[in-house]
Amino acid sequence: MKLEQITVRHMKMPMKSPFTTSFGTIDEKEFLLIEAIDQSGTVGWGEAVAFVAPWYTEETLKTTWHMLEDFLIPILLHKEVGHPDEVSALFSSIRRNGMAKSSIEGAIWDIYAQQTKQSLAKALGGHKEQIEVGVSVGIQSSTEALIKLLKSHVNKGYKRVKVKIKPGHDVEVIRAIRAEMPDLPLMVDANSAYTLNDMDVLQQLDAFNLLMIEQPLAVDDIVDHAKLQRKIKTPICLDESITSYEDARKAIELGSCGVINIKIGRVGGLTEARRIHDLCKENKIPVWCGGMLEAGIGRAHNIALTSLTNFVLPGDTAGSSHYWYEDIITPEVIVEDGYIRVPQTIGIGYTPNLKVIDKLTISRKVY
Ligand SMILES: O=C(O)CCC(=O)C1=CC=C[C@@H](O)[C@@H]1C(=O)O
Ligand SMILES: [Mg+2]
């Protein structure tokens, strides 16, 4: 394939309820949507998942647009690409910026799946017909409100819940949840809010039979995580620390984690995500697919990736209606009894809803 035209849209989607982390609240999701067309007219879609501010990792909506416009699109336009796996080599002169790279690589995977007449899941080597999903819950106004919300998610069938913790909002909150819901498949995500000086708190969390503790220590650390993992039995799950196959290899070698959360954008695309999946499988490290509050295109890519065999833990890919009044794809992503059916039709298996996309576009540029 040869990309002949790429449209980048700046989207703004209102959220049903705000998502609060230790860094602030998002009540509308702004992101970039990529529409790529090749010489035969096949259209592929990708989503740049970076937030407006760099509180999760260093990328932002504006840095992803800058990378796309000034570096990545010029490399790809009119260039012959035989297989999406070639894109990472083409981008190898550009350091990091995984979310920018991933957005356009995703569109190329979509075109490739359509042209080889298979679902994106099959194109990636995935065989599952359905995937198990959980839900991530932001910080709530009170522990009572949090417990009420967790119960409503469990009643909807979600297979596990993840709650956010930060210093001062940790052991007592989890103790209260456990008192009411002792068997709930529960995990916590700290988004790097702790250091080894907090060992006491982290060891107390070990008593609550948590599925895992996600990213307790620094975003760029794997050494201290290895020290911590030796002191607690709950598996550590790395999120922010893993930006590539090489990061994963080193973390596994050091014993820094028992689980890895793979986010397609954070690791630079589907090809790298699959390599990390395969590496983890060889090393018996279970993985799950994280989320970035994606709209429908990103959600569809997450579902396809999760169809690979070593995604053995429920991911954060909730149904479209969890966040959105109206998603940008038809049909929307539906969760039934904690499962999403993996589309078996050609391509991503969902159709971009251009009416909704146009309504939510605040600006666009064609390259
Ligand atoms: O997409 C989802 O539903 C999960 C969102 C989620 O938990 C996160 C998204 C982005 C940053 C964090 O707050 C958190 C995470 O770290 O996984
Ligand atoms: Mg996380």
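As the structure lists them, so they are numbered: ligands from 1, and atoms in each ligand from 1. Computed from a predicted model, the values in this text were never measured in an experiment.
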Does any N/O atom on [X] come nearer than 3.5 Å to any N/O atom on ligand 1?
X    : result
K164 : yes
Y323 : yes
F51  : no
L293 : yes
N191 : yes

Any donor-acceptor N or O pair under 3.5 Å, side chains E69, Y367: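 Result is yes, a qualifying pair exists.
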
Original post:
Closest N/O/S atom of D239 to the Mg ion (ligand 2), by atom name?
Top reply: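 Of the nitrogen, oxygen and sulfur atoms in D239, the Mg ion (ligand 2) lies nearest to OD2.
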
Side-chain ion pair, [X] and [Y], N-O less than 4.0 Å:
X    : Y    : value
E47  : R299 : no
D358 : R9   : yes
R175 : E172 : yes

Could you tell me whether H10 and F31 have their ring centroids closer than 6.0 angstrom?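 Between H10 and F31, the centre distance exceeds or equals 6.0 Å.
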
**Prompt:** Would W45 and H301 count as a close aromatic pair, with their ring centres under 6.0 Å?
**Reply:**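 No, ring centres 6.0 Å or more apart.
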
*For D239, the ligand 1 atoms whose distance to one of its heavy atoms is below 4.0 Å*: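 Matching atoms, with element in brackets: 15 (C), 16 (O), 17 (O).
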
For ligand 1, is any non-hydrogen atom under 4.0 Å from [X]'s backbone (N, CA, C, O), its side chain (CB onward), both, or neither?
X    : result
K162 : side chain
T317 : neither
Q215 : neither

* Give a yes/no verdict on whether any heavy atom in F23 is under 4.0 Å from an atom of ligand 1. =>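 Flag not set, F23 not near ligand 1.
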
Problem - Six-ring centre of Y245, R275 cation under 6.0 angstrom, axis tolerance 45° - result: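 The answer is yes; both the distance and angle limits are met.
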
